Colleague: 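Take this structure, written in structure tokens, and hold onto it; I'll ask about it next.
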Amino acid sequence: MTGVLPNVIDQLTGLNVIYLPNNSISGVIPPEVSKLPILNALIISNNQLSGQILLLPTSIIILDISMNRLSGNLPLSFRAPNLQILILSSNNTMGEVPDSICESQNMQFLDLSNNLFEGELPRCASMKGMLFLLLSNNSFSGMFRSWIQSFSSLVVLDLSWNMLRGTIPRWIENLSSLRFLQLSHNMFSGDIPVNITDLVLSIVMKHNVLRYGPLGIVSMVGIDLSLNNLTGEIPEEITSLDRLSNLNLSRNHLSGNIPKNIRSIKLMESLDLSRNDLYGEIPSSLSDLTYLSSLDLSYNNLTGKITSGPQLDTLYSGNPSIYDGNSGLCGPPLRKNAETI
Ligand SMILES: *[C@@H]1O[C@H](CO)[C@@H](O)[C@H](O)[C@H]1NC(C)=O
Ligand SMILES: *[C@@H]1O[C@H](CO)[C@@H](O)[C@H](O)[C@H]1NC(C)=O
Ligand SMILES: *[C@@H]1O[C@H](CO)[C@@H](O)[C@H](O)[C@H]1NC(C)=O
């Protein structure tokens, strides 16, 4: 469908749902939409809507206007106390996110990713039922907000590709439903909190929200802290996260050894520790990770003989650069053997 939304839309006072995703609708969201008395769902994602996001009907529960060309700032007063799902991702909306976006105590899914938002993260302390908080790829700055610790049901936290700084807070352990922690490409510094390993990384999720979940994300259990300024060692306790399938700590300044007991993370599929200052030998238990399908240990200061095993040998033949930039590694499958170092 092409064309614009009619501005006499408010005459349809019985309208409950507007569902027009994946069309070529252009123009603005007519302000008359806010007068629809019982509109619960406005879903016009993946169209060509432009202009600013104005007032919403107070009855709105689901708003998905992602993948359009909406621009400008968000309204200061959001006036949507019943929102459960708010998806504004992939537009050009900008400026600070008003705290009023968080006035709904029922919010479960908030996705503001891929926009031009800046300033500190909004203060969203009252949204205790939040399951998905997706704020990646904006220009948010400042520190981790402590109100996030009150989201005891949070399943996915994605703050990647922003300009957040400070340490990763210890209270992260209290997010006991967290399944995917994505903090990559920020300026976080300090150590990886040891108690990050108290995360249960399991899953309890409500169905309507799952439908909205970015499927690639919910099907994995992962921690991505890559591209920050983290220092210190990888806590040995991380090996107690036995449901972890993806761990990316690449491009930090981590030092110390690779945790010896890495085999305990039995379900590990992808392990990227590249571009840090790790030293010592590659633990032999790495070869016990039978689900491992992606490995990168390049550009560290690892030494000694390479651990071998069917899984690791296959990974190496698929990608011979996984041990690059560790001048002290030797033995097959590298051509270099111990005598030549
Ligand atoms: C986690 O929550 C418990 C109980 O509310 C609290 O006592 C503890 O201090 C919290 N942990 C951190 C690191 O904040
Ligand atoms: C780990 O993160 C880096 C930087 O964000 C990225 O380039 C790399 O592809 C990631 N590794 C994997 C295995 O996804
Ligand atoms: C690499 O390790 C060797 C031997 O442990 C040490 O002498 C050297 O200083 C380390 N280099 C870096 C860049 O950390």
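Every number for a ligand or one of its atoms is a count from 1 in the order of the listing. Bear in mind that the values here come from a model prediction, so they are computed numbers and not experimental data.
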Colleague: Go through the structure and list residues passing salt bridge (Lys or Arg N to Asp or Glu O under 4.0 Å) with Glu281, not counting sequence neighbours.
Modeller: none

Colleague: So, Asn40 and Asn16: side-chain donor and acceptor under 3.5 Å apart, yes or no?
Modeller: yes

Colleague: Identify the protein atoms, limited to N or O, that lie within less than 3.5 Å of an N or O atom of ligand 2, and list each pair with its distance to 0.1 Å.
Modeller:
residue  : atom   : partner : partner atom : Å
ligand 2 : 2 (O)  : Ser226  : OG           : 3.1
ligand 2 : 2 (O)  : Asn248  : OD1          : 3.4
ligand 2 : 2 (O)  : Asn248  : ND2          : 2.3
ligand 2 : 5 (O)  : Ser226  : OG           : 2.9
ligand 2 : 11 (N) : Asn248  : ND2          : 2.9
ligand 2 : 11 (N) : Asp272  : OD2          : 2.8

Colleague: Between Phe109 and Leu131, is a side chain to side chain contact (heavy atoms under 4.5 Å, CB included) present by the stated rule, with each step listed?
Modeller: CA-CA 6 Å; Phe109 193 110; Leu131 301 177; over 6 Å; no

Colleague: Given the rule that I, L, V, M, F, W and Y join up when any side-chain heavy atoms are under 4.5 Å apart, are Leu134 and Met94 in one cluster?
Modeller: no

Colleague: Among Leu278, Ile234, Asp272, exactly one meets side chain to side chain contact (heavy atoms under 4.5 Å, CB included) together with Leu249. Which residue is that?
Modeller: Ile234

Colleague: Heavy atoms, side chains only, cut-off 4.5 Å: are Leu112 and Val97 in contact?
Modeller: yes

